[in-house]
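Lettering of chains follows the sequences in order, A, B, ..., and the numbering in each one begins at 1.
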There are 4 protein chains.
Amino acid sequence: MSSKFVSLNPEKQERILNASLKEFALKGYENASTNEIVKLAGISKGLLFHYFANKKELYLFLYNHFVDVLMKEFFNELDFTGRDIFERLKNLMILKNRLMARHPEIFNFMMSASMEASEEVKEALNDSKTELMHTSYGRLFENIDLTKFREGTDIQRTINIIMWTLEGFSNQELEKAKKLNKDSLDFDEAFKEAEVYIDMLKKSFYKSH
Amino acid sequence: MSSKFVSLNPEKQERILNASLKEFALKGYENASTNEIVKLAGISKGLLFHYFANKKELYLFLYNHFVDVLMKEFFNELDFTGRDIFERLKNLMILKNRLMARHPEIFNFMMSASMEASEEVKEALNDSKTELMHTSYGRLFENIDLTKFREGTDIQRTINIIMWTLEGFSNQELEKAKKLNKDSLDFDEAFKEAEVYIDMLKKSFYKSH
Amino acid sequence: MSSKFVSLNPEKQERILNASLKEFALKGYENASTNEIVKLAGISKGLLFHYFANKKELYLFLYNHFVDVLMKEFFNELDFTGRDIFERLKNLMILKNRLMARHPEIFNFMMSASMEASEEVKEALNDSKTELMHTSYGRLFENIDLTKFREGTDIQRTINIIMWTLEGFSNQELEKAKKLNKDSLDFDEAFKEAEVYIDMLKKSFYKSH
Amino acid sequence: MSSKFVSLNPEKQERILNASLKEFALKGYENASTNEIVKLAGISKGLLFHYFANKKELYLFLYNHFVDVLMKEFFNELDFTGRDIFERLKNLMILKNRLMARHPEIFNFMMSASMEASEEVKEALNDSKTELMHTSYGRLFENIDLTKFREGTDIQRTINIIMWTLEGFSNQELEKAKKLNKDSLDFDEAFKEAEVYIDMLKKSFYKSH
DNA sequence: CATGAATGAGGGTTCATTCAT
DNA sequence: CATGAATGAACCCTCATTCAT
């Protein structure tokens, strides 16, 4: 249905996409107003529904579109040449932050999408989301150097501990930044702190030399 | 304003509370319909607004009410006699799971509340929430046995790692359960798995003997 | 119906009367809220409707009650001993102003009542109002001294001119006061100005001597 | 916002305008029901708010629109060629009556508007109203023949007396007509009576010859 | 392709009035 | 006498969606 959309004047495409992004990120799915979107995009009411059968389709298209945008940049810039799992996870964190600084509105939208309460849309969302997860996580652990771990280490669970720790730290920093009303966190400081945690985990799970 | 409510026929109170709980948990603050609530509760439109000045007051009352309910049971059943931090966190997890199994609808509501996007309600929520956090977290780390940790351990950060790990594990199990459409997770199995993680962390951060 | 009301504890009567007066004066008939009235009066919802069958009856009772209050004071204090029509009209103006200063809330209510747009109440109001007019106007022109007018004067129409002039002047001053947000007009100055008009009219319609 | 309205099918415009006019005139701003208006106009609820952002905007648009309509006819038909103040005031009265007979509903609305109690609308109304007053009153006294007045006449106050008299007379006739449930007063008779008052005033304030 | 007029159900909230206690 | 819980229609306004042009 929304296939017509891609063959539209790209500048107008952009306007519609950005207007929708902003409105949905700000108000969530149900409370976002298509009236507001067309006003922001400078198009007529009818045109929006010419390209998208309904609000839901627009929302889902938006979601998939910006997941694609993000994924494309993500895999372009991701450096997984090293085989050290910590190196890879650190790179992942850095990249994530770089992307967030580059596209704050898209991240706002993604965040709001991941917390979306509307039944009408939640289910359809999850499908795409998990698909994304699988694609990305597959490569993260490909060919990592297992010899660095102490002998007898429960690799799978250890990796979980590492990831949960880094995730927990990441969320903590984000919370802090939100509380201080900063758009992006103080990257250098947070990075140094992350290194401390990484060293602690290395000392715990890597062979000592 | 909503003080009239507490002196109402308890059975009707219950009906109103449960109807609101369900509707808000399902649809979030903004999209929940007071029409739906009164229909579910079997009362007239006017009566709801006789007890609560407006939707927001109802929501906030609900939140505070169920936080109280939860907290009361929580502190009644919490066992913090032991001084081992792992023991306490394990107890905490178990208790949390027990409460979730006992009041699944309340937890649904609390989850939806904690992700509430509506500006109108977010702020008022945070106040109560952080207050709750402080009260509960204060006791969690009171008088724990620090001598068990290896010498030179960075206690603060180590505790963070432990908590993030258990949190991460907990969320993982919940996700699994949701995916399988089970209301409550297989408690015994999850518990055994948690013990494995706890042992790993103990081996890493406690003195070996 | 509202006859029960008069045999009620006078202090409570007062509270109900004053609360109603204030609310109706402020918001007009339709927009006045019986909820607000009972809150202000400190009585229960049911009691109000125990004494007054409905809102309309309360309003009409209020109107008639305060018309009576006003009329009683009015006729008590009115000085119609002199036979000069100008003297009487001047006295009337002065008295009117004195009453307004004494009972501003009642006058607010009366003003709002006279501009009442609600169909439900307009008609019933007019009946009482004209009745009031007739009673009061009868005495105003009783036994005035006609010999002071020039010979051949059309007395009836001359009196109309005098009254319309004084009325017009009165309204003008009231408007001025309202525009300056003063509660009561500067009485002395207005009075002096009124005298000027009266002298002009005297010169026009009274015999010169 | 209401600019869309003017480019609408004129016949439907008319229906909306007339329905609103009638409802507002009858019930006043606050008590007028937009439900009633759309029913009367034969349009859907949504359409009204497609054209007017809210009730207030509709009301104000209506007011300004019909002030314009009236003013246009008024200035088209007004004859101020003569320099005699009585002539002008008489012309004014006649014109006012002609317009009232032509557009009784508009006058009903204007009357109700001028007595509008609603705070929400009163202020915005006064702005336009006083503007209208200034425009119209400026021309009324432009270049009138002052030589006709007796020497030593207090012109300003005399004009006030004349105006208040004619106003008072006008209102009296209107009241009479309303009481007899006549839509328009018996014009010829009222006119003759007005001439009597004018002659009386002329005899009082003009030079005798 | 593109417009925006048109719909009508639904949103939260207020209200005068009733009636069991 | 007095209470206040309970009703449900009415209030203004918003909305996604349709369709004639």
Problem set entry | D:F24 CZ - F:dC12 P separation (whole Å) | 8 Å

Exercise. Around A:K22, counting heavy atoms of other residues, nucleotides and ligands shown, do more than 12 lie under 6.0 Å from its NZ?
Worked result: no

Exercise. Taking any atom under 4.0 angstrom from a heavy atom of chain B, which nucleotides of DNA chain E are the first and last to qualify, 5' to 3'?
Worked result: E:dG11 to E:dT14

Problem set entry | C:L47 side chain reached by C:V38 side chain, heavy atoms, under 4.5 Å | no

Exercise. Would you find a donor on one side and an acceptor on the other, under 3.5 Å apart, between the side chain of C:K27 and the backbone of C:S33?
Worked result: no

For this session: Rounded to the nearest angstrom, tell me the gap between atom CD in A:E23 and atom P in F:dT14.
Result: 14 Å

Seminar exercise, completed: Between CG of D:L48 and P of F:dT14 the distance, given in whole Å, is 12 Å

Problem set entry | Secondary-structure string, 5' to 3', Watson-Crick or G-U under 3.5 Å, | for another-strand partners, for DNA chain E | .||||||||||||||||||||

Exercise. So D:Y59 and D:Y29, would you call those rings parallel, tilted or perpendicular, with 30° and 60° as cut-offs?
Worked result: perpendicular

Exercise. Does the side chain of B:N54 reach to within under 4.5 Å of the side chain of B:E57, using non-hydrogen atoms?
Worked result: yes

Exercise. Can you tell me how far OG of D:S112 sits from CZ of D:F107, rounded to the nearest 0.5 angstrom?
Worked result: 13.0 Å

Problem set entry | From A:F66, A:Y51, A:F52, residue fulfilling ring-ring contact (aromatic ring centres under 6.0 Å, His included) relative to A:F61 | A:F52

Problem set entry | C:Q13 side chain vs C:F5 backbone, donor-acceptor pair below 3.5 Å | yes

For this session: Map D:E30 and A:K55 onto DNA chain F by nearest heavy atom, then report which one ends up closer to the 5' terminus.
Result: D:E30

Exercise. Of the residues in residues 35-46 of chain D, which ones touch DNA chain E at a heavy-atom distance under 4.0 Å?
Worked result: D:I43, D:S44, D:G46

For this session: Between A:L8 and B:T34, name the one whose nearest nucleotide on DNA chain E is closer to the 5' end.
Result: A:L8

Exercise. With nearest nucleotides of DNA chain F determined for D:K27 and A:F49 from heavy-atom distances, which residue corresponds to the more 5′ nucleotide?
Worked result: D:K27

Exercise. Quick one: are B:F49 and B:T34 in side-chain contact, heavy atoms under 4.5 Å?
Worked result: yes

Problem set entry | P-based separation of E:dC1 from F:dT21 [nearest Å] | 22 Å

